[in-house]
Amino acid sequence: MNNAKSIRVDLQIIADMIEPGARVLDVGCSDGQLLDYLVTEKGVSGRGLEISPEGVNLCVAKGLSVVQGDAEEDLGYYPEDAFDFVILSQTLQATHHPDKMVKDLLRLGKRVIVSFPNFGHWRVRSYLFFHGRMPVNETLPYQWYNSPNMHFCTIKDFICMCDDMGVTIERSIALDAAGQAYRIRTNLFFANLLGEQAVFLLRKD
Amino acid sequence: MCHKIRLMSNYTNINANPYADDFPTLKVMLGKETPMRLDCGTEISNFPMAYQTYGTLNADKSNAILVTHALTGDQFAADTHPISGKSGWWSKMIGPGKAIDTNLYFVICSNVLGGCMGTVGPATINPETNQPWGVDFPIITIGDMVRAQALLLDELGIDSLFSVVGGSMGGMQALEWAAAYPERVFSCVPIATAAHHSAQNIAFYEVGRQAIMADPEWCGGRYLIEDKKPHAGLAVARMAAHITYMSEGALTQKFGRRLQDREEVTFGFEADFQIESYLRHQGISFVDRFDANSYLYVTRALDYFDLAASHGNGILAEAFRGTKVRFCVISFSSDWHYPPDESRVIVRGLTGAAANVSYVDVESDKGHDAFFFDEPNFVRVLDGFLRGAAVKRGLLDE
């Protein structure tokens, strides 16, 4: 990272996948940290979609182009192939229909970047195994009954879904607790065990 | 403030002749060489348009913001109103260091076509008859209002606006600007508005128009000639409309069922309740500064507004196809006059056209009128959006 602004490691991995000057839509862009970085450091033409009023207020006040809305309702209104990259960062697990979401994203963009917490991480597995309860930790801080996350998956699950949907995985990276990145393709077993988060670059065909 | 005013009498409306041109305002004559064609097919020529400005136009004339006013607003956006004596309707928003920062921007606000504060309207003298136009004045549309504003900009030598910003009917004008003159608009902020008038809104304004026309003093629209004042009808129209500008929550909080200066109800038709007294006051203070025929014309312009129909063959996205304008659409959560869903329709049309759009639904209990108040999140969004756009326009360093 030799850029002027520094962002979270997982966001940096996403940012590195994006070509300068590209048309980008960040779905669930939160306070606009990634979008702001992409606009100022990579000169992208950036748009955001965010459900929380606080997030949208912050983004627009920063001068970012962000629409307050619900991705599961509003993505259908965007024209086909309007973007070079569509980003869904840490949001897939909170959607009602993850497969439909990925399909919708691929309609809007040539390439889609999805990141999510990996439910196959060894700590999650051991928590469930030893405690017999749904895991609660730093990356998954909610109880099962108040969690916004309704569709957890493992890295392997996600790959299987992409196969079922005929979606091509162009790149896939797992991040461990220390922020170390692994290429998933070279060793899926270990990536699925050691990766706390995963970042996938997808394209249709 | 005395709320004990009887509606049907006691009009102390002595100096209130808003159409007498006896107050200072900037004014230009438009349509001098070429007449302006109206949507209804008529042409008007050599007509006055009144406006006010704030701030300074920069050397390359790139910092102009057109602020477009709502139904009962006028050009006195940020200075004292010459008739009511109240501060301008957007004085909280326009000024040095405010969201519409007059240290940075040159702000223009003009009285709409059909208005009654110096721009040509039904109260203006028709040069052919030497009498006020009355209902012989041609029907005007939001498109006509904007065409006239474009002529004003021509007069001022401004090719392109940095932004056009307006709430309610002002938001419709902002949208019309973006659709009709995309090359003359850099950014556009439609606030608490809609891309067309809903059946419910047409219905509310029809009630208002009927109240005016049912007043015997309206005299078939010739009240100025016959020296009558249809104030009762106009006040009722204002009262009916004003209800739609406030949220139920705010009404309950502000008035509830509280009684006005009395312990018990009077078993009569006095204004027993505070809300009645408040509405009567709203009605009565309105007639001092607004012409009844203007109210008919301007509400009709609202009813006829349908951006998708006029610019997109029925498809809103088509009205914005290929636009380079930067949009910031703002709605208020408790607005039921132009509810957030109407703004979402605009946003979906804009996203469908792959436009550069931001949208914020500001949480507020103040209903439609929220845009007149300096709600912190509203101010922050408007200020931030304009500054972001100013950087892109080269008016501000990053």
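Reminder, nothing fancy here: chain letters follow the sequence lines and each chain counts from 1.
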Which one wins on heavy-atom pair count under 4.5 Å against chain B: A:Gly69, A:Pro79, A:Gly63, A:Ser45? A:Pro79
With only heavy atoms counted, which part of [X] is less than 4.5 Å from chain B, the side chain, the backbone, both or neither?
| X | value |
| --- | --- |
| A:Thr40 | side chain |
| A:Asn57 | both |
| A:Leu64 | backbone |

Matching residue for A:Gln68 among B:Val347, B:Val362, B:Val360, B:Val329 - test: side chain to side chain contact (heavy atoms under 4.5 Å, CB included): B:Val360
Looking at [X] and [Y], what are the two nearest heavy atoms and their distance?
| X | Y | answer |
| --- | --- | --- |
| B:Ser358 | A:Val66 | OG-N, 2.9 Å |
| B:Val357 | A:Val67 | O-CG2, 3.4 Å |
| A:Asp74 | B:Arg348 | OD1-NH2, 2.8 Å |
| A:Ser65 | B:Arg326 | OG-NH2, 4.4 Å |

Flag if over 12 foreign heavy atoms under 6.0 Å of [atom1], [X]:
| X | atom1 | answer |
| --- | --- | --- |
| A:Lys156 | NZ | no |
| A:Lys204 | NZ | yes |
| A:His96 | NE2 | no |
| A:Asn146 | CG | yes |
| B:Glu248 | CD | no |
| A:Asp164 | CG | yes |
| A:Gln143 | CD | yes |

Is chain A contacted by the side chain of [X], its backbone, both, or neither, given a heavy-atom distance below 4.5 Å?
| X | answer |
| --- | --- |
| B:Arg380 | both |
| B:Asp383 | neither |
| B:Ala355 | backbone |

Highest number of heavy-atom pairs under 4.5 Å with chain A: which of B:Gly352, B:Cys328, B:Ser333? B:Gly352
Roughly how far, to the nearest 0.5 Å, is the OH atom of A:Tyr77 from the CG atom of B:Leu350? 14.0 Å
